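Worksheet: the structure to be examined is printed underneath.
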Amino acid sequence: MVHLATPDRRASLRARPGFRERIDLPRRVVFVAAASMIGVVVLLLAFIAWQGLQLFLKDGIPITQIFSAEWQPDRMSGTVNFGLLPFIAGTIFVTVVALVISTPLSVGLALFLSEVAPQWAKAIVQPALEIFVGIPSVVWGWLGLTILVPFLSDTFQQGLVVSLPVLGEVFRAPGFRTGFSWLAGSLVLSIMILPTVTSVSYDAFRAVPQELRTGSLALGTTRWQAIRHILVPAALPGVLTAVVLGMTRAAGEALAVQMVIGSSPVFPRAITQPLSTLTSQITLEMGNTVFGEPWQDALWTMSLVLLVISITSVVLVRVINSRRIAL
Amino acid sequence: MSAGAPSIDRQAGPGRPSLHGKSSRGSMLADRVATAVLWGTGAFVLLLLGAIIVHFAMAAWGVVSPSFVLSDPSDSDLGGIFPLLWNSIYMLALTLMVSVPVGILGGIYMSEYAGDNAVTSAIRFAEEAISSVPSIVVGMFGLILFVDELHMGFTALGGALALTMFNLPLMTRLAEQALRAVPQDERSASLALGATKWQTIRHVVLPLAIPGLVTGVILTAGRVFGEAAVLLFTAGIGTPTHLNFGNLDITNPASPWSPFRPATTLSVYIYKLQSEGLGAYRNQIVDGSAALLIALVLIFNLGARFLGRVLTRRLTAA
Amino acid sequence: MLATAPHPVPSVRAIDVTAPVVRDEASAATISIKIATEHVSIMYGEKVAVRDVSLQVQARSILALIGPSGSGKSTFLRCFNRMNDLIPGASVQGAVCLEGENVMDPEVSVVELRRRVGMVFQRPNPFPMSIFENVAYGPRRRGMNDRRKLEELVETSLKRAALWDEVKDDLRRKSGLALSGGQQQRLCIARVLATDPEVILMDEPASALDPVSTLRIEELMRELRQAYTIVIVTHNMQQAARVSDVTAFFTMAEDRAGYLVEVGPTGRIFTRPTERLTEDYISGRFG
């Protein structure tokens, strides 16, 4: 047996903590690192809000004017009017159509990955989605510009008609003039938000307890019945979160959209026509305006609107998620 | 069926569908169709990605070459994109120099220290809020803060700081996830040996989280590399000039090493070219650059997976 | 010793450690009390997990805590080195005295405490580092960087844990995780020994091991007893009977709070328990 040199008396357990322990520097440092994000948000809100309000405070534009439909920012060409309605409507319309296209596809893909796909298929599709996420937005825009836009203008020159069996013609829009259009923007966005909506929905489906699936299948339902009647209702808040997150991304995307929508500052009329959005108008005009002039102030107001939209969606996601726990 | 069967027979018989019966044909058909449609979504994504990759591979054929990657842009012929690529790499390095340490430290707080209190939920809210703010708005914030208020002008530094703000939430969250994935047992073992909390984090938790952290850094890097909207109004969108690497004075805006100079990145350059739209070689240059970006994204992704796997094996195996 | 009724926790006082205690039969040598708990109750939020346990552990002896699952043995063990601090919502009332000092005192340094009261967990949990680094981990964290000293310490610790001969050839090359389960657990013991503790807590140290490894760990405990005070939680009654000097039997009250039924020399507890509950448990009629 090895001789044991355990001393009989030791330092008291109550040894006063040294300077180091009392300061606990590591804790302070990591706290500052995490809390820096609060600082960023506060600064961001303060600066954008201040700049965004200049249009009303300094330039004396009545707040109601931004809800008008006429965008006439250039003093050189007559009376100015800062109607942001075309851009707000443009952002909403492009986003909504993108969601209409993307949601069924994304949710289907999430269901495929979580319920249907064998391991080998998941091992291919999941990395593919990660690559989708990584493709830069300018590349999506470029693809839209060089492939989608010419395709649309060539194919649907006479007009866009959707007709279904039984129901007959359900939708008609005038033909594309150039291909740069609301639809082009929505299509590009629908692919760009696909990975986000898919992965958040996928998590929601995975979170549904296995017993619910087996419970339904044991009652003799088909897999599809289990998905429709058990899985989708159970995962609905999660899917809703996914859609809101996708919406946020779509509404905030700038360059890819700007490259394909034609940037026409008028109230959007048809899905085949060009329009403009908040982000694309900022992208386009920020460089051509001078700091402090009303025109640029109106662009700052647009960015404030975007900021309000995104903060609202964060709150919305939180509300949806708190409901989920309550259920 | 036996002759003496009771009148209420729950066993299979003429009245009950056989296991191969067709009575539930409708629901079976719906199931078949749904399954096929769901497989279709998976196939669609793969086909789309395949088509994109093939498209760019074809478009880049004859454009991307060592000279395209390594020479300066030219007005008269195809030229190259070297200064833009350099700027992308330079901005990436500058951004990661700030966002990796801050993100990992923040992740440590969120994973190891954060209690269930108002400060923690404020941090979480901030994290989500920044993630959802459009990148163009972050760019405008950078414009007002760095370019105007701090009188920096369009600089690589301003762009990198704006990118850092934009990426900090992602890096923090990925770091937090990597640290949380370290089993609680390891922490207990270290604490039970009388290590302090910080020693436990420093010597046990962080080393074990390295594979996850590396993956997180690479994924963040991929996003930084492709980002353009944040940089339009912060790092500038200009015509690239020849880089003189001999100029090592980092305070001199002419030096490629200086953070105090405008720096147009490859992604911003793609945007600039398509919007200005002139030059005989515009499409080839954009296609080549886009192909290069996609190739880099692929490399980043595969690299993250590979490195993560190798590091995990190194750490846990014999 | 039976203490089921919850009663107010008395003011904390240090136990007189200087008074020699004579061990019941065999030896007449004087021994002292290493750890004493006084009216210890442990709560998880509102729920009482352990109610009002008072007992004493003599230095250089092995105390076994036995009883059915959920009787709070492990929870009680974890208050000796304040590992319960790590569980959100857990709170401890009463006093746990290590040589007369109440370790529950908020001014006590838990780091110092855990260096003096080491712990071996149910599942072997070596760090994913080399064998050498596993053992050197504790000393290094206390600032020992001298290579020679570390090597010496690692060697003695591994020898004491009866692992040296099996691993001495690839101390630095082999990961702690590459060892067998029984070896891993002995590595964890060596790791604790290297921090030079006085008390070693063992939370079912052999429950994840095969019978041969279990016997080796038990042998090791008998040897370590000569220098250390050991408290072991075990589900295995034969194990308690084989290794311990004193046995404490815990069970659950109606409200599922664990409490101490009786404590006494192992020989007596297993042959002539005072309490009916103990007898039922030991003879397999309960739990």
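Just so we're on the same page: letters track the sequence lines, and every chain starts at 1. Note that the coordinates shown come from a computational prediction; the quantities given were computed from them, not determined experimentally.
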Heavy-atom pair with the smallest gap, counting every atom of A:Leu306 and B:Pro134:
CB-CG, 4.2 Å
Please report the shortest heavy-atom distance between A:Pro136 and B:Gly226, naming the atom on each side.
CB-O, 3.5 Å
Mind checking whether A:Arg318 and B:Glu128 have side chains closer than 4.5 Å, heavy atoms only?
yes
Any chance you could measure B:Phe166, atom CZ, to A:Leu44, atom CG, to the nearest 0.5 Å?
11.5 Å
Chain A shares the most heavy-atom pairs under 4.5 Å, among B:Ile104, B:Thr35, B:Leu296, B:Leu219, with B:Thr35
Checking side chain to side chain contact (heavy atoms under 4.5 Å, CB included) for the pair A:Leu43/B:Phe141: CA distance, chi angles, key distance, verdict?
CA-CA 9 Å; A:Leu43 275 178; B:Phe141 174 55; 3.6 Å; yes
Assert top hit (heavy-atom pairs under 4.5 Å, partner chain B, pool A:Gly252, A:Ala251, A:Ala34) equals A:Ala34
Against chain B, label A:Trp140 side chain, backbone, both or neither, depending on which of its atoms sit under 4.5 Å from a heavy atom there.
side chain
For A:Ile282, is it the side chain, the backbone, both or neither that has a heavy atom under 4.5 Å from a heavy atom of chain B?
both
Would you mind telling me which of B:Val138, B:Leu168, B:Leu232, B:Val45 has the largest number of heavy-atom pairs within less than 4.5 Å of chain A?
B:Val45
Heavy-atom distances under 4.5 Å only: say whether B:Phe300 touches chain A with side chain, backbone, both or neither.
neither
Picking from B:Leu143, B:Ile294, B:Val268, B:Leu105, which has the most non-hydrogen pairs under 4.5 angstrom with chain A?
B:Leu105
Side chain, backbone, both or neither of A:Pro104 within contact of chain B (heavy atoms, under 4.5 Å)
neither
When the 4.5 angstrom heavy-atom criterion is applied to A:Gln51 and chain B, the contacting part is side chain
Top contributor to chain A contacts, counting heavy-atom pairs under 4.5 Å, from B:Arg223, B:Arg202, B:His55, B:Met110
B:His55
Heavy-atom distances under 4.5 Å only: say whether A:Glu253 touches chain B with side chain, backbone, both or neither.
neither
Heavy-atom contact with chain A under 4.5 Å, split by part of B:Ile53
neither
Between B:Leu38 and A:Gly108, what is the shortest heavy-atom contact and its length?
CD2-O, 3.3 Å
For the student: nearest non-hydrogen atoms of A:Ile311 and B:Ala129, plus distance
CD1-CB, 3.9 Å
Is A:Leu145 in contact with chain B via its backbone, its side chain, both, or neither, using a 4.5 Å heavy-atom distance?
side chain
When rounded to the nearest 0.5 angstrom, what distance separates OG1 in B:Thr172 from CE in A:Met37?
4.0 Å
With heavy-atom distances below 4.5 Å as the criterion, would you say the side chains of A:Val32 and B:Tyr109 are in contact?
no
Ignoring hydrogens, what is the shortest heavy-atom contact between B:Tyr271 and A:Val138? Give both atom names and the distance.
CB-CG1, 3.9 Å
Interface residue of largest heavy-atom contact number with chain B, from A:Met302, A:Gln225, A:Met259, A:Lys122, under 4.5 Å:
A:Met259
For A:Ser310 and B:Val133 the tightest heavy-atom approach is OG-CA, 3.8 Å
Given side chains that start at C-beta, do those of B:Tyr113 and A:Pro26 come closer than 4.5 Å, heavy atoms only?
yes
Are any of the side-chain heavy atoms of B:Phe56 and A:Trp142 separated by less than 4.5 Å?
yes
Turns out that what part of A:Leu245 lies under 4.5 Å from chain B's heavy atoms comes down to neither
Could you tell me which portion of A:Ile191 (side chain, backbone, both or neither) has an atom closer than 4.5 angstrom to a non-hydrogen atom of chain B?
side chain
Taking side chain as everything from C-beta outward and backbone as N, CA, C, O, which of these in A:Ser36 sits under 4.5 Å from a heavy atom of chain B? Side chain, backbone, both or neither.
side chain
Chain A contact via B:Asp148 - side chain, backbone, both or neither, heavy atoms under 4.5 Å
side chain
Most contacts with chain B, counted as non-hydrogen pairs under 4.5 angstrom, among A:Ser303, A:Ala121, A:Ser106:
A:Ser303
Atom group of A:Ala128 that falls short of 4.5 Å from chain B, counting heavy atoms
both
Heavy-atom side-chain contact between B:Ile144 and A:Trp300 under 4.5 Å:
yes
Any side-chain heavy atom of A:Phe47 sitting closer than 4.5 Å to one from B:Glu149?
yes
Please classify the contact of B:Glu176 with chain A as side chain, backbone, both or neither, using a heavy-atom distance under 4.5 Å.
neither
Pairs of heavy atoms under 4.5 Å with chain A: top-ranked of B:Ile123, B:Val137, B:Val297:
B:Ile123
Over 60° means perpendicular and under 30° means parallel, so tell me whether A:Trp120 and B:Trp39 are parallel, tilted or perpendicular.
tilted
Taking the side chain as every heavy atom from C-beta outward, state whether B:Val119 and A:Phe31 have any atom pair closer than 4.5 Å.
yes
Drop me the distance from B:Leu49's CG to A:Ile135's CD1, to the nearest 0.5 angstrom.
6.0 Å
Looking only at B:Glu127, B:Met165, B:Arg305, the option with the highest number of non-hydrogen pairs under 4.5 Å against chain A is B:Arg305
Sort B:Leu298 into side chain, backbone, both or neither according to what part of it lies under 4.5 angstrom from a heavy atom of chain A.
side chain
To the nearest 0.5 Å, how far apart are CE in B:Met140 and CG in A:Leu299?
6.0 Å
Region of A:Leu143 that comes under 4.5 Å of a non-hydrogen atom in chain B:
side chain
Could you give the distance from CD1 (B:Ile270) to CG (A:Leu255), rounded to the nearest 0.5 Å?
10.5 Å
With a 4.5 angstrom heavy-atom cut-off, which part of A:Ile124 approaches chain B: side chain, backbone, both or neither?
both
Are any side-chain N or O atoms of B:Asp31 and backbone N or O atoms of A:Thr222, one a donor and one an acceptor, separated by less than 3.5 Å?
no
Over 12 non-hydrogen atoms of neighbours within 6.0 angstrom of CZ in B:Phe306:
no
Between B:Leu48 and A:Phe132, does a side chain to side chain contact (heavy atoms under 4.5 Å, CB included) hold up when you go through it step by step?
CA-CA 10 Å; B:Leu48 188 62; A:Phe132 264 90; 3.8 Å; yes
Greatest number of heavy atom pairs closer than 4.5 Å to chain B - which of A:Ile147, A:Val317, A:Leu304:
A:Ile147
Is there a side-chain contact between B:Glu112 and A:Arg27 (heavy atoms, below 4.5 Å)?
no
